[in-house]
Amino acid sequence: MSEENRASLNFIEQIIEEDLKSGKHNGRVLTRFPPEPNGYLHIGHAKAICINFETAKKYGGTTNLRFDDTNPTTEDTEYVDNIQQDIKWLGFNWNEEPLYASDYFEQLYGYAVKLIRKGLAYVDDSTPEQIAELKGTPSVPGTDSANKSRSIDENLDLFARMRAGEFPDGSKVLRANIDMTSPNMLMRDPIIYRIKKEHHHRTGNQWCIYPMYDFAHGQSDSIEGITHSLCSLEFIHHRPVYDWFIEKLEIFPSRQIEFARMNVEYMITSKRKLLKLVNDNYVSGWNDPRMPTISGMRKRGYPAAAIRTFCDKAGVAKRENTIEINLLEACVREELNKTALRVMVVMDPIKVVINNYPEGQTEILKGENNPEDPAAGDRDITFSREIYIEREDFMEVAPTKYYRMTLNADVRLKHAYILHCTHADKDEHGEITTIYADYYPNSKSGEDVSGIKPKGTLHWVSAADSIPAEVRLYDRLFSVPDPTGDDNVDFLEYYNKESLTIVNNARAESTLSVALPGTQYQFLRQGYFCIDEESTQEHLVINKTVGLKESFSKEVKKA
RNA sequence: UGACUCAUGGUGUAAUCGGCAACACAGCAGAUUUUGGUUCUGUUAUUCUAGGUUCGAGUCCUAGUGAGUCAACCA
């Protein structure tokens, strides 16, 4: 038994447990989530958020939210607010107030001066082209800039004057003095400060020089006492740089650990490409329910708990991976099956008149709100002579495996009676206009003594008592699992034009007239849906979250 | 033509550090069902290649192959 309880650890947890065992940092664990405030958070960020917050929590530690705001050109407060909202919605809380790399600008400046004093940094006047030229290539070593031999005093003076705003943008940079021949391109005297006379969203016009990522991220980790700095694999080449600065600056030794970022079928996470989708109106915005953004998934109706479960089940390792979209959907269904209230909505209504049900009569039937949760209680459903059923739930002549309504056959109405279809009216095109059926008065749901056992059960709504609704059906944004996988094909070629279908004439059970925006439902036999944030009592707007598992369509394919 | 990282069913992740390759999702078959949902049962399918060490290798060693990453005054 005790052996079964031994949960397997991912490689990050193994590292942390070793650290704990050796007494490193006195058993303290502090992680961080470091978004740059220049875009919206997406599924890949959700993964990083889960790893950072949940790993720390598991070992009694906490997590800092730190905005990596060292590039005033692209960053904005708007993103700062949205990012915080998304993280909170996902269910995580960071330590106290959010932190900002920009809060450390003065300290970072001091670090740079310290480096210069040690002869480990120099001011370079080379143009960007010259710097690139001298950098070499992965297989050809770089060569030193002529400015590398400047004296410490001269460097100190020049750097101070850079800060003072004496030089125009781009005219000078501060570089670390490491090794132009290193096989690691990032170690070839990386630029650590550049001149940008731009307004910063927090520090305003206080600075005209800004540190580069490599001179801000690791140092910020160190300043905050981050013990385990978890990032994605593409930063692996930065680790020697990260460690070099910590060593030379003699500051707190945070440790960077890289994991493979998560890719998901049919989703893209490139900021540039997502922006293109928004700007060119392929989607309605960053929170379009088809977007892989956290705000998009929220609007779609994916519960935060489902996203967390998904990230957990996807696991953590160091190899390239692409998670099947059906795992995400399985997590969403698993969560919603437990929590979503059941209700009946007809997407494509066709009228059924019950011949032997008295005109003008109605009755109230009871429907359970959630068979998975008895505590969810019952609701009232109005039954009447005229009802709507789904157009696709009727066929005059049906194949053997069709368990729905056909001529001269019985079918159950969920929570109501068994119907026997008698005939149907058609228009001049042969389209069914109205279906007629008899009902068995002794087959009422819960008190059925008819002895009839129909194969199928249909959802339905009362014609008079139902309300109109607009339902937005979403499908995958792209027609292939990996729309960015082929360098020769633009990802927009794979845009799925049918990714959004708007159903304008759906009829919903009247219960939904008081539904609150954001509430999630299961529409019986159809899937999970949620009330859109902009939905009103006058105009009900509903988003499809995900369909139910469908084995009938497979039967059809087989046939 | 350099460096770094990785390689386990269809997908993803494990295998307590050398001891019967497992879990989840997907698939397939069946049972239950007033949702063709849920639930339950069963089942298909896995260690990149070649050597080596060893009583024993997914795990260690060597070589190869394949995939990914790195040359922004972005993060």
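No hydrogens, no waters, no symmetry mates; every other heavy atom, side chains included, goes into these values. Computed from a prediction, not measured in an experiment: that's the story for all the values here. Naming convention: chains lettered A, B, ... in sequence-line order (proteins, then strands); numbering from 1 in each chain.
- A donor-acceptor contact under 3.5 angstrom links the side chains of D189(A) and Y122(A), judged on distance only.
- For T457(A) and U33(B), the shortest distance from a side-chain N or O to OP1 or OP2 is not below 4.0 Å.
- A gap of 16 Å separates the P atoms of U62(B) and A7(B), to the nearest Å.
- The side chain of R525(A) places no N or O atom within less than 4.0 Å of a non-bridging phosphate oxygen (OP1 or OP2) of U38(B).
- Atom CG in D169(A) sits about 14 Å away from atom P in C73(B), given to the nearest Å.
- Looking at Q522(A), its side chain has no donor and acceptor atom pair within 3.5 Å of the base of G37(B).
- In this structure, V140(A) reaches neither bases nor backbone, as no heavy-atom distance under 4.0 Å exists between it and the strands shown.
- For R333(A) and U38(B), a side-chain-to-base donor-acceptor distance below 3.5 Å is absent, hydrogens and geometry of angles not being considered.
- For the OP1/OP2 pair of U33(B) and a distance below 4.0 Å, the side-chain nitrogens and oxygens of K453(A) include no atom meeting the criterion.
- Each of E372(A) and P211(A) has a nearest nucleotide on RNA chain B; the 5'-most of these lies closest to E372(A).
- Not one side-chain nitrogen or oxygen of Q130(A) sits closer than 4.0 Å to the OP1 or OP2 atom of C73(B).
- Partner of E329(A) under the salt bridge (Lys or Arg N to Asp or Glu O under 4.0 Å) criterion, chosen from K544(A), R476(A), K549(A): R476(A).
- Look at S182(A) and you won't find any side-chain N or O under 4.0 angstrom from OP1 or OP2 of A3(B).
- Where E18(A) and N370(A) meet RNA chain B, the nucleotide closest to each residue was compared, and E18(A) sits on the side nearer the 5' end.
- Nucleotides U32(B) and U41(B) place their P atoms 15 Å apart, quoted to the nearest Å.
- Geometric assessment of R163(A) against the ring of Y109(A) yields a positive cation-pi assignment under the 6.0 Å and 45° thresholds.
- When the nucleotides C6(B), A24(B), A75(B) are ranked by their closest atom to the side chain of K313(A), A24(B) comes out on top.
- Nucleic acid contact for M344(A): none, since no nucleic acid atom lies under 4.0 Å from a heavy atom of the residue.
- Among the heavy atoms of the strands lying under 4.0 Å from H415(A) is at least one base atom, whether or not backbone atoms are also near.
- Taking atom NE2 on H459(A) and atom P on G36(B), their separation rounds to 10 Å, with Å as the unit.
- Remark: the H237(A) side chain and the A71(B) base include no donor-acceptor N/O pair separated by less than 3.5 Å.
- Residue contacts for N326(A): at a heavy-atom cut-off of 4.0 Å it reaches the sugar-phosphate backbone alone, with no base atom in range.
- An OP1 or OP2 oxygen of C70(B) is reached within less than 4.0 angstrom by no side-chain nitrogen or oxygen of R188(A).
- At the heavy-atom level, T309(A) lies nowhere under 4.0 Å from the strands shown.
- Using a 4.0 Å heavy-atom criterion, one finds that E320(A) contacts the sugar-phosphate atoms exclusively.
- Between the CZ atom in R507(A) and the CG atom in D348(A) there is a gap of 13.0 Å [rounded to 0.5 Å].
- Taking 3.5 Å as the limit, the base of U11(B) and the side chain of E265(A) contain no donor-acceptor pair of atoms between them.
- For the C1' atoms, the distance from U46(B) to C25(B) is 16 Å, rounded to whole Å.
- Taking the centre of each ring, Y210(A) and F105(A) come in below the 6.0 Å mark.
- A72(B) atom P lies 19 Å from atom CG of N38(A), rounded to whole Å.
- In this model, the phosphate group of U38(B) is not approached by any side-chain N or O of K338(A) to a distance below 4.0 Å at OP1 or OP2.
- As judged by a 4.0 angstrom heavy-atom cut-off over every strand, R239(A) is placed among residues making no nucleic acid contact.
- Here H238(A) lies in heavy-atom contact (under 4.0 Å) with a base.
- Taking the charged nitrogens against the carboxylate oxygens, R404(A) and E390(A) have no contact shorter than 4.0 Å, which rules out a salt bridge.
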